[in-house]
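Okay, structure first, notes after.
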2 protein chains.
Amino acid sequence: MSPRRSNPRTRSTLVDIAAGLLADEGPDALSARRIAAEAGSSTMAVYTNFGGMSGLVRQMVYEGFARMEAYFSHVLHTDDPVADMTLFGRAYRHNALTNPHLYAVMFGGASLAGFSLTAEDRQYGRFTLSTIVECATRCVTAGRFRVGDAELVAHQLWTAIHGLVTLELGEYLIDPWNADVVFEAQLTGLMVGLGDTVESATRSVTSSLGRFKEEVEDVRPLIPAQDDPEDG
Amino acid sequence: MSPRRSNPRTRSTLVDIAAGLLADEGPDALSARRIAAEAGSSTMAVYTNFGGMSGLVRQMVYEGFARMEAYFSHVLHTDDPVADMTLFGRAYRHNALTNPHLYAVMFGGASLAGFSLTAEDRQYGRFTLSTIVECATRCVTAGRFRVGDAELVAHQLWTAIHGLVTLELGEYLIDPWNADVVFEAQLTGLMVGLGDTVESATRSVTSSLGRFKEEVEDVRPLIPAQDDPEDG
DNA sequence: GGGTCTGGCATAACAGCGTTATGTAAAAAA
DNA sequence: TTTTTTACATAACGCTGTTATGCCAGACCC
């Protein structure tokens, strides 16, 4: 009754090769033929395992969100929620700059020809935001933020940092204002705009810079297995 | 000695058709064969006039920046520079939502397969920001903004609004926080973060909403001629 | 006005792409 | 062992951007 099962390692190796190709040579290097050639198989492997290039790309997007969550999970909860929040911002930017092409596929609309995210995919991405919402709640209850709705706060922070990262990846933020300067100013400005005082916001932003180098920067998220925890 | 000159109208019609195709059917509908077919010529017209698809797309990007400038040019200078600034934000978002695919090509990195902007193209885009810098200067001299450097202020505003618009176009901002709610809150928050008081910022944001519908919303920027002011 | 020469544009081909129809063989169930 | 089901290989289809080739329109020179 039950037929031949697909090799579990095939899925993960295909995704690994595709992710490496995207990271090393950019989106134009992503092709079914190229991936299959480097995997030593035919292009049909992409179709039996993922239903086409879209499915494979979608799997890479999921992995991208997993990497982002890995960075977020290393942000500790301290008694300075605003510092925690700015640290999330630093982690978010760090993840995007570490995986620029993958980030572009995740949030860049139709970054890859013929591929677009489904509503379910975006819901996956939005779920990652729940960590930020939780931290925003702590900022509000601590009296540091004026606005009461944590979800609105999270969206404001997300959109602002995302925009900076996007323009930075697009090489729009260079001389004389490089992205670092704008980012630091943006962090402080956002906290003040949400209700924190200039003094405490500046302190929190500064402290999170030190924490970033210890807690987040060197995190090397392991590539998660794709639906099949099999590994060799 | 001097050879046959290319038909000046060919360039503009090709760009017009391409822009219409991009706006109506999205990036996947953009192909040299399709454009040539709708123009009644062969694909070679794309190569003699633009050197290839990249050149044509680049020309469309220039037109995109021109449209954005057209919206900006309709923002009046009042004695409330913060209201003017938020109105620029509304104009920026309005332009992006009116030309979503074009905006994606302008700022979405490699939104179209095989196309990427050059440093010169980005300089063109950054030039548009000079209007914002000028307005930021007025905000600072009026004592509404704390931060002294107008260019830094302009970059903070640009990145924040761009990020919101990008996620909105990517359909990441829907239930329960739609983009409108986040946008209004973001405008106020940004002004406060830059030094304005909550009260005056709220007033300016509110007043710019009314001005938007009168000064900006119905602007229909005419498609500028491409390097050749010839027209028929 | 005729000659000349440069380059716009058409035709057709090439290499690549994602995808699919077809055939084969491997693996799981009976 | 037989049966069944599907993973995978091969080859083709239609599409893409691009280019080699050739024709001829049109601007200069005489």
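All chains are named by letter (A, B, ...) in the order of the sequence lines, taking the proteins before the strands, and each is independently numbered beginning at 1.
An OP1 or OP2 oxygen of C/dC9 is reached within less than 4.0 angstrom by a side-chain nitrogen or oxygen of B/Thr10.
Side-chain contact between A/Met53 and A/Phe115 is absent, with no heavy-atom pair separated by less than 4.5 Å. Taking 4.5 Å as the limit, some side-chain heavy atom of A/Leu21 sits within range of a side-chain heavy atom of A/Arg34. At least one side-chain heavy atom of A/Leu190 sits under 4.5 Å from a side-chain heavy atom of B/Gln186. A heavy-atom distance below 4.5 Å is found between the side chains of A/Arg90 and A/Val205.
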Item checked: Contact pattern, 5' to 3', of nucleotides 11-21 of chain C - B, S or - by protein heavy atom under 4.0 Å -> B-B---BBBBB
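Shortest non-hydrogen contact noted between A/Val182 and B/Leu152 is CA-CD1, 3.9 Å.
Among residues two or more places apart in sequence or in another chain, the ring-ring contact (aromatic ring centres under 6.0 Å, His included) test is passed with A/Tyr103 by A/Tyr92, A/Phe107, A/His162.
Regarding B/Phe50, its CZ atom lies at a distance of 13 Å from the P atom of D/dT18, rounded to whole Å. Spacing between atom CD1 of B/Ile35 and atom C1' of C/dC9 amounts to 16 Å, rounded to whole angstrom units. Atoms CG (A/Asn49) and P (D/dA9) sit 10 Å apart, rounded to a whole Å.
Nucleic acid contact for A/Ser41: sugar-phosphate only, since backbone atoms but no base atoms lie under 4.0 Å from a heavy atom of the residue.
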